[in-house]
Every structure is written in C-alpha cells, then in structure tokens.
Amino acid sequence: MAAPMLRGVSPVRRWSLAWVDGGSRHRRTSPNGSTSNRIREQSSVAQQPLHTAQKPRKGGHKWAAVVGLEIHAQISSNSKLFSGSQVSFTAPPNSLVSFFDASLPGTLPVLNRRCVEAAVMTGLALNCRINKKSLFDRKHYFYADLPAGYQITQQRLPIAANGSLSYGVFVGNRWSHMATKTVRIKQIQLEQDSGKSLHDDLRSQTLIDLNRAGVGLLEVVMEPDLSCGEEAAAVVKELQLILQALGTSQANMAEGQLRVDANISVHHPGEPLGIRTEVKNLNSIRFLARAIDHEIQRQINELESGGEILNETRSFDPKLGCTVPMRDKEGKQDYRFMPEPNLPPLVLYDTASLPAGADSQQVINIDQIRDALPELPSATRKRLVQQYGMLPEHSFALLNEAGLLQFFQNVMKETRAEPKKVTSWVLNTLLGYLKHHNLAVSESPITPSALAGLLDLLDSKAISSSAAKQVFEELWKGEAKTAAQIVSEKQLELMQDQEALERLCQSMMEGHPQVVTVAGGAGPSHLSS
Amino acid sequence: MLGRTLREVSVALKQGQITPTELCRKCLSRIQRTKFLNAYITVSEEVALKQAEESEKRYKNGRSLGDLDGIPVAVKDNFSTSGIETTCASNMLKGYIPPFNATVVQKLLDQGALLLGKTNLDEFAMGSGSTDGAFGPVKNPWSFSKQYREQKREQRRPKLHREREGTDWLIAGGSSGGSAAAVSALTCFAALGSDTGGSTRNPAAHCGLVGFKPSYGLVSRHGLIPLVNSMDVPGILTRCVDDTAIVLGVLAGHDPKDSTTVQDPVKPFTLPSLTDVSKLCIGIPKEYLVPELSSEIRSLWSKAADLFESAGAKVIEVSLPHTSYSIVCYHVLCTSEVASNMARFDGLEYGHRCDVSVSTEAMYAATRREGFNDVVRGRILSGNFFLLKENYENYFIKAQKVRRLIANDFVNVFNSGVDILLTPTTLSEAVPFLEFIKEDNRTRSAQDDIFTQAVNMAGLPAVSVPAALSAQGLPVGLQFIGRAFCDQKLLTVARWFEQQVQFPVLQLQGLMDDCSSAFENEKLASVSLKQ
C-alpha cells in the first residue's frame, strides 16, 4: 500500500489558511460561559502547525477526503422565531424567556416574519430555489435545554433548496493563483435554537439558560463537495461574508452565531464513500480547518493500520489539536419527526402569484425581496477589480477583514493617491500593524483621513516612501497629529527648491574631491553608494 | 333563578331582578351542596365574588358589558387560567398556576363573566367517562334526579339497598364531565369543555345538555392544554342552543396567538328563527347504524328524522364509507401527538418533579412515571412507537391518508346537497360507574367516540342536543353535523329541533337533601373504612 499522502507541516498551504482565517480575531474568542456541550465555545490557544491533507497528485496517492458542512446561522432579528422574546447575547440568564420559550402548556408558536424574510434573502443570495410552500416539523429529543422536548424545524419541505455557493481558494504557493470553486447547497431550513446548559460537575448540577431557546436559526446544509479543511474554511468565510452583507446573521463564530458541523469521510477515488464521522464544536474558522484536516488524517491512519471508522460524533480539542469522540448520548437517536400541527404551511408569493388585495403585512413577496438584496461580496469584489484595477486577491483580502473595505473606501474618498497605492498601504502596512498589535480595523489608531493625508503627501512627492513609513509610525501612536504636522515637526519633507538642491550638491562635491574623481571615472552607479 | 337559561338570567340581571353578587353567591352555595358530584377541581370563590362586585358596579352605572356580564361560568381544568391552579386532573400539574389566561377564558372575562372554578376531567382529557382523573370520577347529576330514581325504583326494586350505599351512580361522560355536571347541576349557566374526539358532546348527551364543538379554526386554542392539536377545539356546554350561540359569539374569531384560527372576520352568531325546514336536506349516515347502538336511541334517532320529514324537510340516507376506519386511525394520530405534546412535562420548568437526582435522565423518567397515570403513559408509549422511523410510513402516514379519506367523505356528502347530518351522539345513555370501569379506558374511548370522533378528523362543527329521556329516565342526545364554518346554520337547525322536542329540565331541587345524605353516607363509609 502506498503511504498516505498527507504530510506534516506544509508551508505551501499554510499561508493560505492563515490568510483565509484573517477575518477572525482570536484574541476575541474568549470563553463566554454557559454553553451546552454541543455548542460549547472555547478559548483560543497558540497557533499550532497545520496538518493539511493534500489532494492526490496526478497518478499518485489514493485517498480522497469527502467533506460536507452543516452550518447553523443565528438569524439577526429583534425577537425569536416563534415568540416575542427579545434576542440578545449578553442579557442575564433567563431574562429573555417568554411563556412559549419555557414551553408552558397551551402556548402556541407564531412565526416571526423577519426570520422568514431573512431565510428568503439568504436563499436567494445562495442561488436557491425558494419553495413557495414549506412545512414545519417537530424533531424530538430529551435535553434539559430543549424545554418542549422537541425542536421545531423544517425536515420535509424546507424554505429553500438546491443552491450553490462560489468561493475562492488559492492554488499553489502564490497569492495570485486563485481558483473559484462551487459547493452545492442542499437546503436551507428555518429552525429553533436550543437553550444553554451549564454543567457544574463539582456540585453535580446542571444550570439552564433559556435566553437562546427559540432564537431563529438558518440551517444551511451543503452537499459533500469539499475535500479539505482549507476549502471548508474558505466556504465558511464566504458564507459569513454573505450573511453579514445581507444582515441576516451577525455570523460571529465566537458568539455562537455561526456554528459549523463537518461530516468527514475518506475513500479511494472510484470506490463508494467511506463511513463518515461528524465533527462538532468548531467555533472558529481556524479550528474548523485544523479539525477537518486532522480528522481526515486520523481516518487515513486508522484505515492504513487496518482499523475501521465508526459512524460517530467527535469534537475538536484545540489544545490537543485533534478530534476526540463525544460522550455518546445512548447511541443512535430516533428523532421521531412529526408535522408541527400548530403551524399552517408557510406560503410565500411572487409578484405573479400575489393574490389581489392581499395585506402586505400578511404576505411575503419573493420578488420584492430579490429586488432589495444588497450587493453581495462576490459583486463587491468584482466591482473593486473593475473600479480600481485591483488584483482579485486584494479584493478578497479587503473583504475578509471586517471593516477593512469601508476603511479603504473612506481613504479613497479623501485622497488623490492611486488606488494601487492605497490598496498596498491598507493591505500591507495598515493590516500588518493591526495584526501585529492584534487589533480590529475599528480599533485602528489611524483614521482613514489620517492615512489619506499621509498618502496625499506621498503622492505629491512631498515626502519619500521611507519618510512615509516614519510618519505612519508616528500616526500609529495616535497622538491626534496630522501627517502634515508630523512631517513638518520632524522635517521629513523632500527638498523641492532646485537652487538649494544644486547648492547642496555643489558644496558636497567640493568637499569630497577624491570621491568625485573616482565616481566620474566609474559611471553613475557608484553614486548610490 | 339557577334553573334559568343564560339568556333568561341575563335578562334578570339587566332588569335588576337579581344582582351579580347574589347570583354568584347562589351558584357558589349550589356548588357546595353538589360537591359530591366532584364536578369542580378548584372553586375560585374569591375571584368570582370580586368579579361579581365589579359587574355589579357596571350594572349600577348602566355600563353592562353585554349578555355575559355577571353570568357565572365554569371552565374545564385544561384551560390555562391566570393565577388559578390548572391541573388537567394530573399529578403532573398539581400546583401549577399559569401566568396567563387562555384566549377563550380571557374573552369570557372581558365580557364580564364570573369564573366560578375549574372543572374535573379525565387526566389530560384522555377518556370518555371523566373517571380517570387524579381527583376522582365525576358523578352524573342525573344519577340523583327525580326522573331516574323513580324509574329505577319501579324497575329494580330489589337492588334498592345498593343505591343507599352510594355506589350506584352514573358516569357523566367525558372527558369534559365536570363541565357537563356543573351546568347540568345548575351550578353555572355555561361551561367550557374541550373536544378532541367527542369530549364535549359525549358528556352533554349524558347530562342532558347542549354540547357544541365549533369548526376547527373558528375558536382559539391558545391556552388550552393540548391533547391532539390538529383536532382539539374549545367546546361549549349550555342548557339550550341559544345560550351556546351567545357564548360562541364571544369566543369565535381570529387570535394572533393561534396561527390555526381563520383570519376571516366572524359574523355575529345570533340565530335567525327557523320556521320552515322544507328547504333543508338532512342526511342520515347509514354507517352510523351499528349493532352496538341501543334500540332506544335508535328509535329516537329515527323519530327525529321523521320529525324533520313531517315538517317538510328532505331526509335521505347518505354514506360515509370510511367511518369504520376512523377509530383506529384516530388512535394512531392521537397517540402520536400525545407522545409529542407530553414531551414537555419533564419536571424542569413547571409541574411535578420527583426527588431522584442521580442524573437528568433518571429524573425525567421518575418524574413522568409519578406524574402521569397509566392511560397517559400508555398513549405516550404507543405514540412514540408509531413515530419511530421504521414505523412512521406504516402507521402515521397511513393514518393521515385515512384521515383525509374520512374528511372527504363528509365533503362529498355535503357537496351532494345535504345541509346537515343527523346521528346519535352516544351508543347508550349514561351507564353506572361500576359497569363503566369494567372495560379499560382505551376500549371505552374507542366505543364511546364512535359517532363523535370522525367530525374532529374533518374539523367540522357538530352539536349534541338533548332529544328525550330514555325509559330509565336518562337523557339521550342526538348529534347534528354541519359543513365547516357553517356553525351558525348548524345551530339554527339544532334550535329548531330543540324547540320541537321540549326536553325536560333536570329535577334535582327536590332531591337535594337526599343527595346530600347520600354524600354523608359515603363519607361515613370511608371514615369507617379507615378505622
């Protein structure tokens, strides 16, 4: 048998992962207390070397990985999916719980229009077919943070299906080699979030917080079209950007607004798919990529050494950098799905099917939502490339960091400098400083105007590039000085007076006759030394 | 005063013949004197008197809220009542005090009705006798009526001594038996029941009342603790059809809290007086003529048909071919929804919680074992079985298809020109408790729901109207079934029938002392047992 094709540290691929992950600031992924073990958030740890599965080279190795994602995005809405309770991440425990959320007997679900609109928007943005009729189902399981004993979801007929999501991945070791790939979206369903359980093992008790119980979720189910952690990371990043652009979810993974489960299997190409495992507990894009790659490698190792893969749920332990089996809840669950009898079918309309005289508060028009969709990240990137002649990879980089595009555009508004120059300063210098200091764009000590001022000075050749770097460092101190003030204080201007320059040169030459003689014989190149 | 209909007493209130407080006190004392019926689980005396006081102020100021202002009513104990214990006659909910009112309760209160208390039922409304609740069985007031006792003395003189022991009483029917007994024993003027398979119509028939099941979607279920969400409707129990129409007029209409209520504005439910039935077509479903039907009810049914015919109506035999599958189909759908609906009772948020704290799972199991009776647990088990992935297609999906066929049977009949169906409500008149409990709950429910339960599958309005007293001196009800959302027409026809038959009033007044002494004897018996 050939050796597994996966290797240890692969610097070739490593940068691209780090790049994709640029959007999430791990400084912020602090533990946030009470969460259930299904969706527990964990603190970040120091970056560890990446283990990445490589795709088979031509005629080479024989294992292929198959990865499918199920993503839960918390809908950004004022109230919950079926009740009027407010939605907020930071509220005191059990302060946002309606009678329905606590499953008091006799309470009934009332569908939140905003959540339906969010689902339609997301479906349209992901090129889905929007089902004009969709149904709700009950999915039963006993868990302390599921008060009704069932979750209302859309198992039989979801609100959107058959979509696709295009994403960019880097090929080879250069930024400029960018490939667009597509993952198919199987369906998008509306469903309720659960509450949170906090297990206190010391006192052997479980505390329940129902603030999250009943919050609207979009479950995006993807086809298993991916083959490695890097692709999965790129897909999740792109979905995150789309949701944020739509405003349908804040999609902050650290706050659990975006939760990813990955189904992973390996097989020999041409043979049936292998047995899959489900990896949960993925609360950052970085961990997602690492978990998937680790799991692929684990499965290959297992099979290579004659073992077998169990159909099980595993969680990623970022400290150990590997996946571990989750405490199994008594084996296979039978969710005993049943139609939700308290909700009539959800009927949507388009302009053609809209009944005459329909109350606009009571109906949802898909066409109207389509017309009002904001610019999506792919279109934004295309626009950046066209408008500013930007390289595609730069357009990706601008979008991937929250707030960076806005920063860039604000600089562009105020500066005469070339877009290329601005792009370079924003992506290389500013972003570099931000990363080095672990800051978000919104926390940048340098405002867009300040940077614009600096770039104007550079553009008008008032200062040199090296002086500009110096000015940038001064600006970074955040002492509320403009670039021009710094330049004049530090006397960093380039000399513009022709006569003065000539005089300076003349006196210099007169002071160093020997050097002048040598230089005169050897040509201009020596001048620079 | 207590024997009057709701409309009559409403007039008396308006004319100042009696004040709401006087009326309320009369009813409360009546409840005390008929306590042995076990009709009420909770009597909300203070609340009712306070409401009466407010009603009285309104009358004094000439600002009465309408026909229901100051009218004492009772509500089945599976409707949530803010601040008043709501138990579903289950240990699981003993001590549970809802923080909100069911929409129907709120609507009654908004009209000035006085809430006297919460009435007894089978645990979680699962039953047809009101014998299977955590608070004991409901006794049918007719057990103690002059009419029944006189007949019995003549028929069964040798067994008289048994009666003296106080065990020879009749079941009230169910599961809304407490509500039926409360109205029948003249402790209130109207009561809310719930109807999933006949739970309002069945006890109405046994207690000589009008029992109405509205069209599904006409009246809000918000706050009604569910049995089968897709079939449950709040029911109305009154002494006459007119009173039902008054109450329905208050309850009907869209509720933003119940997405299954219809959006269309509801027309008022005042019933036009029907003098000419010659344009009416009455259907007699042949499948309802079953061998188990008592010959007496059968003959009353046919007399009723004759009554319509002789008044000029067209009476035809019709077929509802899928009727015989109804009971088994109901069993699958009902238990499946029950399994789902009961999942929330885990002892965490409200209700009973056991002392077991080994693990969450052990706590769930013990809580549910202690909280639910055998009937409820049995249905949960069956329902979960039907919902298992491997069984779902074979049971649940099939049952849903059969349900559609049953509903279509009705549609076909109505589309063929039939206006109203006329059927029996029950197989026989009320049976003695001791006889009733010889069969288990499931068998009983299957038998007793036979005429009532297909209607719930189809979401149609239906009403049981007292037709006559049987040879035993017990009430017999007949059922009218209408087209969906033709509730008004249904009640109009029912009222015409009611006017023709002139059903006698329960004669309990003169026997109250007897009853009380029977009750005393019972108490003595139980005391001596303990010793």
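In what follows, chains are A, B, ... by sequence order, proteins preceding strands, each numbered from 1. Model, not experiment: these values are computed from the prediction.
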Requested in this report: Would you name the heavy atoms of P105(A) and F100(B) that are closest together and state the gap between them?
Outcome: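 In terms of heavy atoms, the two residues are closest at O-CZ, 3.9 Å.
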
How long is the span from the [atom1] atom in [X] to the [atom2] atom in [Y], to the nearest 0.5 Å?
| X | Y | atom1 | atom2 | value |
| --- | --- | --- | --- | --- |
| R138(A) | L387(B) | CZ | CG | 10.0 Å |
| T260(B) | L108(A) | OG1 | CG | 7.0 Å |
| E349(B) | D101(A) | CD | CG | 10.5 Å |
| T107(A) | R344(B) | OG1 | CZ | 5.5 Å |

Query raised in the report: Would you call the rings of Y364(B) and F142(A) parallel, tilted or perpendicular, where under 30° means parallel and over 60° means perpendicular?
Result: tilted

Within 6.0 Å of [atom1] in [X], more than 12 heavy atoms from elsewhere:
| X | atom1 | result |
| --- | --- | --- |
| R113(A) | CZ | yes |
| R404(B) | CZ | no |
| K257(B) | NZ | no |
| D110(B) | CG | yes |

Query - Side-chain touch Q263(B)/D359(A), heavy atoms, less than 4.5 angstrom - result: no

Query - residues 343-352 of chain A: residues contacting chain B (heavy atom under 4.5 Å, by number) - result: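 So far as heavy atoms go, L343(A), P344(A) are the residues that approach chain B to under 4.5 Å.
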
Heavy-atom distance under 4.5 Å to chain A: side chain of [X], backbone, both or neither?
| X | result |
| --- | --- |
| Q400(B) | side chain |
| P98(B) | neither |
| N78(B) | neither |
| S80(B) | side chain |
| D258(B) | both |
| L348(B) | side chain |
| N341(B) | both |

Query - Any donor-acceptor N or O pair under 3.5 Å, side chains S103(A), Y350(B) - result: yes

Which residue out of [options] racks up the most heavy-atom pairs below 4.5 Å with chain A?
| options | result |
| --- | --- |
| P99(B), P226(B), S359(B), G351(B) | P99(B) |
| T360(B), D346(B), N384(B) | N384(B) |
| F396(B), F79(B), F386(B) | F396(B) |

Query raised in the report: Under a 4.5 Å heavy-atom cutoff, which of S204(A), G149(A), A148(A) has the most pairs with chain B?
Result: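 Most heavy-atom pairs under 4.5 Å with chain B: A148(A).
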
Report task. For each of R336(A), H140(A), Q362(A), tally heavy-atom pairs with chain B at distances under 4.5 Å, and name the one with the top tally. Result -> R336(A)

Which answer fits [X], side chain, backbone, both or neither, if we ask what part of it has an atom under 4.5 Å from a heavy atom of chain B?
| X | result |
| --- | --- |
| Y335(A) | neither |
| I208(A) | neither |
| E340(A) | neither |
| D334(A) | side chain |

